[in-house]
J.: 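Next up is a structure, given as structure tokens.
Sequence positions, counted from 1, serve as the residue numbers for this chain. What you are looking at is a predicted structure, and each value in this text was computed from that prediction instead of being measured.
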Amino acid sequence: MNETSAVQQPTPQPPPAWYDRYLPPSQPSTQERRPLFDVTALRGLLFRQRWSIGGTVLLALVAGLILTMLQQPVYQAETTLRVEPRGLYVVEGQDVAPQIYNNEISSYMATQVGVIESYNLALVVAQNLKLAERQEFIGAETDSGRANGRNDEQWLEDKTAMAASMLKGGLTADIPYDSRIATISYQSENPALAAEIANAYAEAYVSSDARRNVDSNEYARAYLQEQITDVRAQLQDAEKAANAYARSNGIVTQRPASEDGEAATTTTAANLTSINQTTSAARAKRIAAEQRWKAVSSIPAAQLPEVQDNVVVQNLQNTRARLTGERTNLQQRYNDQYPSIVEINAQIAEVDRQIANASADIKASIRSDFVIAREQERALTRELRSVTQETLNEQDRQVQYSVLEREAGALRSQLAELLERFNSISTAANVQSGSITRLDPALVPSSPISPNLMRNLLIALVSGLALAGGLAVIRETLDDRLRSLDDVETKVGLPLFGHTPYVDEAKIHEEGTEQHGALVEAYASIQSTLDYAMSRDKNVLQFTSAQPGEGKSTSALILAEMFARLGRKTLLIDGDLRKPSIAKLLGSEPPEAGLVEVLLGHSDFGTAVVKGPHENLDVLAVGALPPNPVETLSSDYLANFLSKQRQDYSIILIDSSPVMGIADAPLLAKHVDGTIFILEANKVQFGQAKAAVKRLQGVGANVLGVVLTKYRALTAGQSYDYQYRYYQYEDK
């Protein structure tokens with residue numbers, strides 16, 4: 001990077017509150033509750049397993065295509081019939097079967113399907129078509145399986161039974177729940193035979209229904225004849241017993257007992273009913289008259305609606321108004337002693353008297369109506385008590401008579417129903433009308449229904465998706481690599497300082513030098529976070545990782561350049577004494593004198609250190625590799641060296657070796673102020689990362705947080721926009 005690109009930045013202010021999440025947590029942070037269905041996780045799974053899912057689905061489709069090509073063509077012939085649950089009745093008496101209610105129709109239809117698919121009907125079809133003798137159906141090789149000792153007739157019966165069993169295998173009957181049209185389908189490799197068998201099934205089913213109706217009629221007639229004889233004898237005995245009891249107890253009936261069991265009506269009971277109705281009407285009339293009188297008794301007669309609506313009163317009021325008008329005209333010219341005025345006053349007084357008398361008469365008539373209604377009610381009430389007592393006395397005697405009469409009435413109704421039913425069935429005995437009628441015959445199919453390429457491919461697609469989904473879930477379950485940002489904080493247990501996008505190895509140098517590139521923008525965010533996470537007196541940071549190649553050296557170099565650009569004097573040390581890479585990243589050869597020579601005192605620090613891409617950046621690479629890096633890092637030379645350089649540099653960044661399998665990084669972690677753990681997304685297993693962090697913490701290392709490198713948003717389940725627009729704010 002050019003030295004002229006350095007920009008002096010002001011001293012950072014104290015961190016805002018939102019930076020607390022990047023500091024080493026002193027207390028466990030409360031994790032946000034994740035949704036039950038994580039769309040991001042599902043999207044990431046599909047993206048990561050896309051090749052596995054696509055390959056599995058493709059193999060399933062190819063397998064479905066191959067199986068389809070190998071299948072033998074099968075033809076299906078269909079015939080339809082109309083099924084009436086209640087039958088088609090021409091005359092009464094044909095409905096001898098039990099009545100089928102609306103809520104039982106579905107069960108009836110299911111029963112009919114069972115009848116069509118039954119072995120008995122298949123046996124009838126096999127016999128009608130003589131399928132046992134037709135080699136195109138039963139096969140020419142069937143005769144070779146004839147058992148010893150079976151004659152021709154017995155062997156024919158055996159083959160007929162075999163043909164019936166074979167028929168059941170190719171037959172399908174269906175009656176939709178919302179229709180009464182039955183469909184009989186038969187599948188066969190021979191299209192003509194399929195149509196013939198389907199039509200034979202329809203004919204056999206219709207014939208069986210007709211035979212069932214005839215048998216039912218014959219049985220019903222015989223049963224009804226027997227019942228009629230028995231009920232007639234019982235009715236005769238019951239009527240004699242009822243008449244004898246009525247004669248001995250003086251019971252006279254006006255109406256016999258009804259057919260539904262209602263008791264007979266006697267003369268006394270009829271009188272009670274009549275008087276009770278009359279009394280109720282009189283009571284209602286009295287109550288109405290009484291309420292009317294109470295309503296008008298305290299109202300002046302002239303204000304009553306009856307008075308105001310009376311024609312006579314209205315005429316008198318009109319006459320008074322006329323006379324009043326004439327008097328008013330005369331008073332304008334004469335005084336009150338004028339004879340005409342005196343005469344008109346006398347006429348007005350007479351009219352007022354007549355109005356008052358008429359109003360009083362109307363009010364008195366209302367009271368008279370009330371008094372008359374009250375007296376009528378009292379008289380009818382007395383009569384009702386008398387008749388009620390007579391009826392109660394008669395009811396005591398009528399209890400046994402009612403029992404006898406109801407028994408006779410029930411037998412009488414039963415006999416009438418039996419006779420009516422017997423006559424109806426006798427009339428319908430010669431009328432045959434089954435509940436099954438044929439609609440469309442089966443035609444010879446022109447094309448096979450199986451194999452169905454589209455259906456088989458659809459089944460293969462669904463099966464392939466299911467299998468691919470299962471394999472993807474299993475692979476994801478067994479693969480615990482860290483991929484997303486949430487995985488770092490929730491699984492590793494360390495704060496996330498930031499993440500960098502995936503950049504191809506060949507483009508790292510180009511991306512690292514582009515000021516507004518995605519990689520530089522990501523590291524700028526990480527540098528800002530580190531700046532606030534470390535105090536100025538704690539200025540020695542170590543960069544390490546669980547495995548090689550996770551980007552720790554690149555991260556250390558880019559962050560060192562950024563700190564130098566901020567005007568802070570920065571020292572970058574290549575602390576990987578086994579596979580140093582800082583010099584290679586800078587595009588230079590390993591120096592003759594490096595970190596080991598300076599620690600051992602074989603070379604002066606000023607001679608070994610080289611200038612980096614920025615004037616504020618010094619780089620101390622590794623010269624010759626030491627024979628025993630552990631002894632070098634565990635000696636006091638490193639501690640003394642770092643203690644001296646703290647005074648000369650604002651910040652010191654050390655690129656150390658990986659943690660797993662090597663003791664260098666834990667030894668170096670004892671001498672630094674903080675350790676930055678580098679994790680490569682989609683590479684490191686969770687167990688390895690956790691073990692590496694635990695190993696560092698076990699030696700007392702201050703692991704500040706994690707930087708997730710080579711992050712692929714699509715692999716982690718983020719959207720396309722996140723993958724290509726997250727790191728860049730302005731257009732290039």
Side-chain angles (χ1 to χ4, degrees), residues 68 71-88 105-140 142 156-157 159-214 432-456 459:
T68 301
Q71 288 181 355
Q72 182 73 20
V74 176
Y75 297 86
Q76 176 174 289
E78 294 183 353
T79 181
T80 56
L81 305 96
R82 180 176 179 177
V83 180
E84 289 293 342
R86 297 181 178 90
L88 181 61
I105 290 180
S106 59
S107 300
Y108 174 82
M109 294 300 185
T111 302
Q112 298 307 306
V113 172
V115 171
I116 296 173
E117 296 178 348
S118 65
Y119 175 80
N120 184 46
L121 194 63
L123 191 61
V124 172
V125 173
Q127 293 171 350
N128 292 341
L129 297 180
K130 299 181 179 180
L131 295 179
E133 303 173 7
R134 299 174 63 173
Q135 294 184 354
E136 70 271 18
F137 177 80
I138 200 170
T142 304
L156 181 61
E157 293 179 356
K159 290 196 295 182
T160 303
M162 294 170 57
S165 300
M166 295 172 62
L167 284 174
K168 286 177 58 64
L171 178 70
T172 302
D174 179 51
I175 303 180
Y177 74 95
D178 56 348
S179 173
R180 298 182 182 180
I181 304 300
T183 302
I184 300 178
S185 306
Y186 191 81
Q187 297 181 3
S188 174
E189 297 177 2
N190 187 332
L193 185 61
E196 183 182 3
I197 293 176
N199 289 324
Y201 255 103
E203 293 175 0
Y205 180 49
V206 172
S207 300
S208 67
D209 180 70
R211 287 194 304 270
R212 179 177 57 84
N213 290 337
V214 172
Q432 304 300 330
S433 178
S435 60
I436 312 298
T437 55
R438 295 193 63 180
L439 293 180
D440 298 325
L443 302 178
V444 178
S446 59
S447 59
I449 64 165
S450 177
N452 188 321
L453 179 60
M454 296 305 298
R455 182 181 61 188
N456 291 350
I459 295 174

J.: Is there a side-chain contact between Leu193 and Tyr186 (heavy atoms, below 4.5 Å)?
T.: no

J.: Does any pair with a residue in residues 106-124 pass salt bridge (charged side-chain N to carboxylate O under 4.0 Å, His left out), and if so which ones, sequence neighbours excluded?
T.: none

J.: Just by modelled atom types, is the Ala204 backbone N or O under 3.5 Å from a matching donor or acceptor in the Ser207 side chain?
T.: no

J.: Given 3.5 Å as the limit, does a donor-acceptor pair link the side chain of Thr80 with the main chain of Asp440, or not?
T.: yes

J.: Do Asn456 and Pro451 come within less than 4.5 Å of each other through their side chains, counting heavy atoms only?
T.: yes

J.: At what distance, to the nearest 0.5 angstrom, does CD1 of Ile449 lie from CZ of Arg455?
T.: 7.0 Å

J.: Do Lys159 and Glu133 have side chains that get closer than 4.5 Å, going by heavy atoms?
T.: no

J.: Between Ser446 and Tyr75, is a side-chain contact (heavy atoms from CB on, under 4.5 Å) present by the stated rule, with each step listed?
T.: CA-CA 8 Å; Ser446 59; Tyr75 297 86; over 6 Å; no

J.: Between Leu121 and Leu167, does the side-chain contact (heavy atoms from CB on, under 4.5 Å) criterion hold? Intermediate values first, please.
T.: CA-CA 10 Å; Leu121 194 63; Leu167 284 174; over 6 Å; no

J.: Do Phe137 and Asn190 have side-chain heavy atoms sitting under 4.5 Å apart?
T.: no

J.: Hey, is the main chain of Ile175 close enough, under 3.5 Å, to the side chain of Ser179 for a donor-acceptor pair?
T.: no

J.: First locate atom OG of Ser185, then atom OH of Tyr201, and finally report the distance between them rounded to the nearest 0.5 Å.
T.: 12.0 Å

J.: Is the shortest side-chain heavy-atom distance between Thr172 and Gln76 below 4.5 Å?
T.: no

J.: What I'd like to find out is whether the side chain of Leu171 reaches to under 4.5 Å of the side chain of Ile197, using heavy atoms alone.
T.: no

J.: With heavy-atom distances below 4.5 Å as the criterion, would you say the side chains of Leu131 and Ile138 are in contact?
T.: no

J.: Are any of the side-chain heavy atoms of Arg438 and Asn199 separated by less than 4.5 Å?
T.: yes

